[in-house]
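Okay, so here's the structure we're looking at.
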Amino acid sequence: MTSSDRGPLEAAKAFAWTVFLIALLLWAAVWLIQQVWVWLLVLLVVVLLVGGLVWWLRARRDRW
């Protein structure tokens with residue numbers, strides 16, 4: 001039997017495995033984000049503060 005001669009049962013099994021693997025990857029991504037979301041939030045705040053400080057200093061320097 002070649003791969004193009006698969007019956008409906010094999011096609012359904014392949015589809016089910018694909019859906020299962022996608023769901024597993026999504027679950028792993030959500031779990032990982034839940035583990036590090038505080039650090040990502042802290043990093044975002046630091047980046048915004050540094051960016052705001054640089055913008056403010058450059059705007060102040062332009063007035064001199």
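These numbers come from a predicted model, not from an experiment.
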Quiz item: Which residues satisfy the side-chain contact (heavy atoms from CB on, under 4.5 Å) test with Leu40, sequence neighbours excluded?
Solution: Val36
Self-check item: Residue list, side-chain contact (heavy atoms from CB on, under 4.5 Å) with Leu53, at least two apart or on another chain
Solution: Trp56, Leu57
Exercise. Quick one: pull up CG in Leu21 and CG in Leu26 and give me the separation to the nearest 0.5 Å.
Key: 11.0 Å
Quiz item: Linking Ile, Leu, Val, Met, Phe, Trp and Tyr by side-chain heavy atoms under 4.5 Å, what else ends up with Leu49?
Solution: Val45
Self-check item: Identified side-chain contact (heavy atoms from CB on, under 4.5 Å) partner of Gln34 from the options Val30, Val38, Leu32
Solution: Val30
Quiz prompt | ring-ring contact (aromatic ring centres under 6.0 Å, His included) partners of Trp17, counting only residues at least two apart | solution = Phe20
Self-check item: Listed partners of Val19 passing side-chain contact (heavy atoms from CB on, under 4.5 Å), at least two apart
Solution: Phe15
